[in-house]
Structures are given as C-alpha cells and as structure tokens.
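Encoded as structure tokens, the structure appears first; notes follow it.
Every chain is numbered from 1, with letters handed out A, B, ... down the list of sequences.
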There are 2 protein chains.
Amino acid sequence: MKLLIIEDDKYLSDSICETTKEMFEAEQAFDGEEGLFLAEQNIFDVIILDIMLPSMNGYEVLSNLRKQNITTPVIMLTAKDGIDDKIQGFKVGADDYLVKPFHREELLLRLEAMVRRLGNLLKENVITFKDLKLNIKNKTAELDGELLKLNGKQFDLLEYLINNKNAILTKEQIFDRIWGFESDTSMTVVEVYASNLRKNLKKHGYDQFIKTYRGLGYMLADSGD
Amino acid sequence: MKLLIIEDDKYLSDSICETTKEMFEAEQAFDGEEGLFLAEQNIFDVIILDIMLPSMNGYEVLSNLRKQNITTPVIMLTAKDGIDDKIQGFKVGADDYLVKPFHREELLLRLEAMVRRLGNLLKENVITFKDLKLNIKNKTAELDGELLKLNGKQFDLLEYLINNKNAILTKEQIFDRIWGFESDTSMTVVEVYASNLRKNLKKHGYDQFIKTYRGLGYMLADSGD
DNA sequence: TTTTTTAAGGTTGGTTTAAGGTTGACCCTC
DNA sequence: GAGGGTCAACCTTAAACCAACCTTAAAAAA
C-alpha cells in the first residue's frame with residue numbers, strides 16, 4: 001500500500017517513513033503544492049498531511065483535493081491542539097487528526113484504524129475477484145485451488161486492478177502507482193506487464209476480464225464480454 | 001472540456017495549461033486579435049483573458065465578444081488590483097476576476113466555480129439526451145440498457161451535440177472542437193462522422209434527432225420530425 | 001537464477017481519404 | 001406554377017493509412 005507524507009520537517013517525515021515502512025511504501029512531499037500535485041494522481045491509500053506548510057497550507061491542499069472528488073483518507077498533523085483547528089480540518093474533509101508531538105504507536109494505530117475503516121483491513125490480507133484470491137502478505141494468487149505464478153510487479157498490477165475494478169485506469173496511473181513518479185522506465189512496460197498478466201490468467205479464462213480501452217487505459221470488468 | 005487562454009506571457013500561459021490539464025484541454029493565444037479570433041469560434045467552455053495584451057487589450061476582446069452574443073464565461077487576469085479595473089471588467093461582461101500573481105489553487109477554485117455555475121458539474125460524469133446516457137469518464141454510451149459501440153471521436157461528437165442540443169453547430173465549430181484548429185485533416189470528416197454516428201443510433205431510432213441544416217450545420221433536436 | 005527492462009515486429013482498430021450517389025435549392029423555360 | 005436541368009452541399013461506403021497496443025525474446029539488472 002502507498003502512503004503520501006506531506007510534511008516540511010524533513011526529519012519528522014523521514015521518521016514517519018521509517019515507522020510505517022512495514023505497512024506502507026511512502027512518498028514524500030515537502031511543501032503544499034508538491035503535495036497537492038502528488039495527491040492529485042490519486043494513487044495513494046492514505047495521506048498524512050501537515051497543516052503548516054510552505055506555499056500552500058494543509059487546509060487548502062485538503063479542500064482542493066476533496067473538491068476534485070479525490071477521497072483518499074487523510075490524517076492531519078498539527079503542532080497546535082486547539083479545537084478550532086480540528087473543526088476546520090474535519091470541515092474540509094479530514095478523516096483523522098494527530099497532534100504533534102505524537103508517539104510512533106499512536107500514528108500506527110491511527111493508520112490501521114484508517115485503513116480498516118476503508119474496508120481494506122490490514123489484518124485481512126486477502127482480496128478477491130470472483131474466484132481469484134490474492135494474499136497480499138505472501139504476494140500469492142490462487143485460482144481454482146491452483147497457485148498462480150505471478151512475479152512482483154505482475155502481482156502489484158493485479159492487486160491495483162482488483163482494488164479499482166470496473167473503473168478505467170490510465171497507463172499513467174498504473175505506471176505512477178507501480179513504478180513510481182520518478183522512474184525513468186519507459187511507459188511501455190505497462191503494456192508488457194498487462195500482456196504477461198493476461199497470459200498467466202488465460203489458463204483459467206480470466207484474461208477476458210482485463211479489458212483495454214484504446215486511448216484511455218485498462219479496466220478489470222466483472223462482466224467479460 | 002476546452003479552455004482558451006489569452007495571455008501574452010508565454011511562461012504564465014504554459015503554467016496555466018499545466019495546472020488545468022486534468023480538467024481542460026487548453027488552446028493558447030498570445031495577443032488580443034488572435035484571442036478574439038479563436039474565441040469567436042465559440043467552441044470553448046471557459047476563457048481566461050489577460051487585460052494587458054499586444055494588438056488589442058482584454059476589455060476590447062471581451063466587449064467585442066459580448067457584442068457578438070458569444071457568452072462563453074470569461075475569467076479576467078490583471079496585474080493591477082485597482083477597483084476600477086474590476087468595475088470595467090464586469091461592466092463589459094467578465095464572469096470572474098483574478099489578480100496576478102495568483103496561486104494555482106485559486107485559479108482552479110475559480111474555474112470550478114465557473115463551470116459549476118454553468119450547470120456542467122465537474123463531478124457529474126453522466127450527461128443525457130432523452131433515454132441516451134453518456135458516461136464521460138468511461139466514454140461509454142447506453143441506450144435502452146444496451147451499450148452503444150462508439151469510438152473516440154464519435155463519442156466526442158455526440159457529447160458536443162448533446163451539450164448544445166437545440167442549437168445549430170456549424171461544421172467549422174465541430175471540426176475545431178473535435179479535431180482542433182491546426183489539424184490538417186479535411187473538413188469532410190465531419191460528414192463521415194455524422195454519418196457513422198447516425199448509423200450507430202439508427203437501431204434505436206435516435207438518428208432522427210440529428211438534423212442537417214443545409215448550408216448551416218447540424219443540430220441535435222428534442223423533437224424528431 | 002529470477003525478475004525487470006528494452007527492442008522489434010506484428011496486430012488491431014480508430015481515423016482519414018476518396019469516390020460515387022443522393023438531395024434540395026435555384027434558375028430557366030414553357 | 002409545373003416541369004426539368006444544374007450545381008453545390010451533403011451522404012454513404014469502403015479501402016488505405018497510421019498510431020496504439022500486443023507479444024515475444026533477448027539484454028540487463030538484481
């Protein structure tokens with residue numbers, strides 16, 4: 001799962017990275033504009049957002065996101081514990097709140113709660129699509145009692161598709177999610193991986209559910225016609 | 001949706017393009033005359049108009065447009081924040097105002113507000129014509145529970161017609177909107193696409209609503225006689 | 001070794017062109 | 001004003017073209 005940390009204190013940001021690295025793969029932004037830009041890609045599972053930030057404050061970032069209908073859960077950080085901040089934070093759509101300084105475990109608890117609330121239970125390591133079961137923890141996939149042999153990025157792609165089934169994902173989104181923004185790999189790898197994934201699902205006829213929308217992207221569809 | 005940016009500062013213009021590229025497809029004009037010419041095509045959803053411009057200033061461009069009964073919403077930009085400018089801007093028909101320098105998110109907010117005011121909610125991904133439903137996000141069209149197979153530009157054409165129903169659109173407008181100004185394709189493609197679209201709608205009898213007005217253009221009419 | 005990336009050629013299907021057919025406005029003649 | 005001719009605008013079809021995508025395999029990296 002991917003976490004975005006928007007926090008200008010580099011030391012704190014790194015420390016959050018460290019704390020959460022068992023659960024999340026983290027990206028960092030060090031000012032509001034950069035954070036908003038990254039968050040707009042809509043490829044994160046959770047965002048940790050500081051309030052006091054250079055170039056654009058946390059409230060602005062958040063309300064901007066929500067206006068764009070981006071509903072990624074957000075945990076806001078602030079040095080102040082005033083009730084006003086909380087009110088304003090929740091009003092613009094924050095899902096949780098954390099007062100600095102906080103304990104490592106407290107952050108972890110809230111992150112877990114956040115993700116659990118989403119339905120993506122952290123303890124629940126299995127996601128499914130029809131009879132296909134993915135075990136997130138072991139990175140194994142199973143269909144009809146048979147173990148599919150999916151390598152790392154193939155698994156990631158399938159997981160991303162399942163978590164967004166019946167919605168078109170552009171090649172850019174897939175690339176940003178799996179390869180990362182600053183990767184200098186060519187975007188055509190996405191096609192290669194789509195092809196390989198289909199090949200691996202073909203034996204069970206599940207390749208039909210991965211559809212290509214020419215000029216738009218890919219979609220995992222419930223109905224395969 | 002299409003946005004026209006009339007701004008002589010190339011750097012700023014490009015930056016607006018970048019900022020809005022998730023929402024809009026932008027065209028750029030770098031002086032007043034060019035801007036007026038493009039705006040007269042009447043194919044844009046919003047116009048961003050600078051006041052200080054070579055060859056013709058923003059006020060002239062705007063009042064010229066309004067005299068021609070072109071009501072595309074306009075957001076004016078200016079380096080000055082004098083109240084006089086605002087008054088003059090609104091008097092000639094600007095819909096909103098932005099003082100340079102401005103923040104990326106301020107522009108986005110105003111654009112959103114503008115479009116929302118239009119009734120074209122950004123969040124609203126579905127537009128309809130009678131029993132025909134277009135999902136803008138998936139680029140899919142549905143009629144009587146059946147999915148229509150429309151390729152990219154056919155979909156764009158239908159979308160444009162629905163957004164302008166009961167109004168005649170000239171072939172030039174359609175061409176400029178869908179193929180773009182500088183396309184070197186021949187204008188007769190419009191006829192081909194009108195034909196193909198009618199063929200695809202014929203099964204449901206909806207071809208009758210696309211009417212040809214010889215020498216004028218096409219119109220999607222509520223009443224099919 | 002296994003996984004990831006690049007490169008290259010093949011395939012598909014949307015887009016454009018071209019060519020011939022149809023329609024309707026306009027004019028002329030009776 | 002009825003009939004007919006003419007022409008430009010428009011319709012329709014189908015083939016040619018081209019960019020997006022697929023697939024494979026070899027090279028590079030881990």
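Separating the CG atom of A:L150 from the P atom of C:dT2 is a distance of 16 Å, rounded to the nearest angstrom. With rounding to whole Å, A:N151 atom CG is found 14 Å from C:dT1 atom C1'. Here C:dT4 presents its P atom at 16 Å from CD1 of A:I174, a figure rounded to the nearest Å. At whole-Å resolution of the value, CZ in B:F175 and P in C:dT15 are 14 Å apart. The distance between atom CD of A:E191 and atom P of C:dT11, rounded to the nearest whole Å, is 17 Å. Rounding to whole angstrom units, CG of residue B:N200 and C1' of C:dT15 are separated by 15 Å. Rounded to whole Å, the distance from CG on A:D207 to P on D:dT23 is 9 Å. To the nearest angstrom, P of C:dT16 lies 12 Å from CG of B:N196.
Looking at the side chain of A:Y218, the nearest of the listed nucleotides D:dC21, C:dT3, C:dT5 is D:dC21. Here C:dT5 is the nucleotide among C:dT15, C:dT17, C:dT5 with the atom lying nearest to any side-chain atom of A:V192. Closest approach to the B:S186 side chain among C:dT17, C:dT6, D:dC21 is made by C:dT17 (side chain taken as heavy atoms from C-beta onward). In this structure, of C:dT6, C:dT12, C:dG24, it is C:dG24 that holds the atom nearest to the side chain of B:R214. Nearest to the side-chain atoms of A:Y193 among the listed nucleotides C:dT4, D:dT24, C:dT17 stands C:dT4.
Side-chain atoms of B:D144 do not come within 3.5 Å of backbone N or O of B:E146 as any donor-acceptor pair.
Checking the phosphate oxygens (OP1, OP2) of C:dT16, a side-chain nitrogen or oxygen of B:W179 falls inside 4.0 Å. At D:dC11, none of the side-chain N or O atoms of B:S195 fall inside 4.0 Å of OP1 or OP2 (strictly under the cut-off). Between B:K171 and D:dC10 there is a side-chain N or O to OP1 or OP2 distance below 4.0 Å. B:K199 has a side-chain polar atom (N or O) that falls below the 4.0 Å cut-off from OP1 or OP2 of D:dT13.
More than 12 heavy atoms of other residues, nucleotides or ligands shown are found within 6.0 angstrom of OH on A:Y160.
Judged by a 6.0 Å distance limit and a 45° cone about the ring axis, B:K130 is not positioned over the six-membered ring of B:Y206.
With respect to the salt-bridge test (charged N to carboxylate O, under 4.0 angstrom), the residues B:E191 and B:K171 qualify.
Here B:T212 lies in heavy-atom contact (under 4.0 Å) with sugar-phosphate atoms only.
With B:K21 as the partner, the side chain to side chain contact (heavy atoms under 4.5 Å, CB included) test is satisfied by one option alone out of B:E25, B:E18, B:M23: B:E18.
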